[in-house]
Amino acid sequence: MIKKESPYKSHLFICAKSRDGKRKSCGDLGNPELKSVLKDAVKDRGWKGQVRVSESSCLGVCEAGPNIMIYPQQIWLADVSINDVPEIMNTLEECIGE
Ligand code: FES
């Protein structure tokens, strides 16, 4: 193993876990386009290389979903919808100090 510092100021994890409707899960409730919309917004702001947008599996807080978590700032965004993208970008702006 080689231990390194993350190259990103912020890494945003979008929970994409699906349980096929058997139990509440972000992947069943969220908009499948959210990741691409966020990635485009990050790119449009010139933050590529500073901010990484990734899908994750379950973040452990399913009942509050759809969920996003931002590290290393330890920010949890619950009940997220595609309409929240401008506010998410404002949050990221604060995170990276732009
Ligand atoms: S399914 Fe998203 S937090 Fe568990």
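Keep in mind that the numbers below use all heavy atoms, side chains included, and drop hydrogens, waters and symmetry copies. Keep in mind that what you see is a predicted model, and the values were worked out from it rather than measured. In listed order, ligands and their atoms are each counted from 1.
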Proximal atoms of ligand 1 relative to C26 (non-hydrogen, under 4.0 Å) = 1 (S), 2 (Fe), 3 (S)
Kindly say whether P66 contributes a backbone atom to a donor-acceptor pair with the side chain of D79 at under 3.5 angstrom?
-> no
Considering only heavy atoms of R19, which atoms of ligand 1 have at least one such atom less than 4.0 Å away?
-> 1 (S)
Compare all side-chain heavy atoms of H11 with those of S54 and state whether any distance is below 4.5 angstrom.
-> yes
Could you tell me whether ligand 1 has any atom less than 4.0 Å away from a heavy atom of K24?
-> no
Below 4.5 Å, heavy atoms only, C-beta onward: do I68 and D84 meet side chain to side chain?
-> no
Measure the distance from atom 3 (S) of ligand 1 to every protein heavy atom, then report the residue, atom name and distance (to 0.1 Å) of the closest one.
-> L59 N, 3.3 Å
Is there an N/O/S atom in C58 that lies less than 2.8 Å from atom 4 (Fe) of ligand 1?
-> yes
Closer than 4.0 angstrom: is that true for some heavy atom of G60 and an atom of ligand 1?
-> yes
Does N67 reach the side chain of V80, with side-chain heavy atoms less than 4.5 Å apart?
-> no
Which atoms of ligand 1 sit under 4.0 Å from any heavy atom of K17?
-> 1 (S)
What's the shortest heavy-atom distance between I96 and Q50, and which atoms?
-> CD1-OE1, 4.2 Å
Just jot down the ligand 1 atoms closer than 4.0 angstrom to any heavy atom of V61, in number order.
-> 3 (S)
Without swapping roles, check the side chain of R19 against the backbone of K24 for a donor-acceptor pair under 3.5 Å.
-> yes
Min side-chain heavy-atom separation L12-R52 under 4.5 Å = no
N67 heavy atoms, cut-off 4.0 Å: which ligand 1 atoms fall inside?
-> 3 (S)
Indicate the atoms forming the closest heavy-atom contact of C15 with S57, along with that distance.
-> SG-O, 3.6 Å
Please confirm if an N, O or S atom belonging to C15, backbone or side chain, lies less than 2.8 Å from atom 4 (Fe) of ligand 1.
-> no
Give the atoms of ligand 1, by number and element, whose distance to some non-hydrogen atom of S25 is under 4.0 Å.
-> 1 (S)
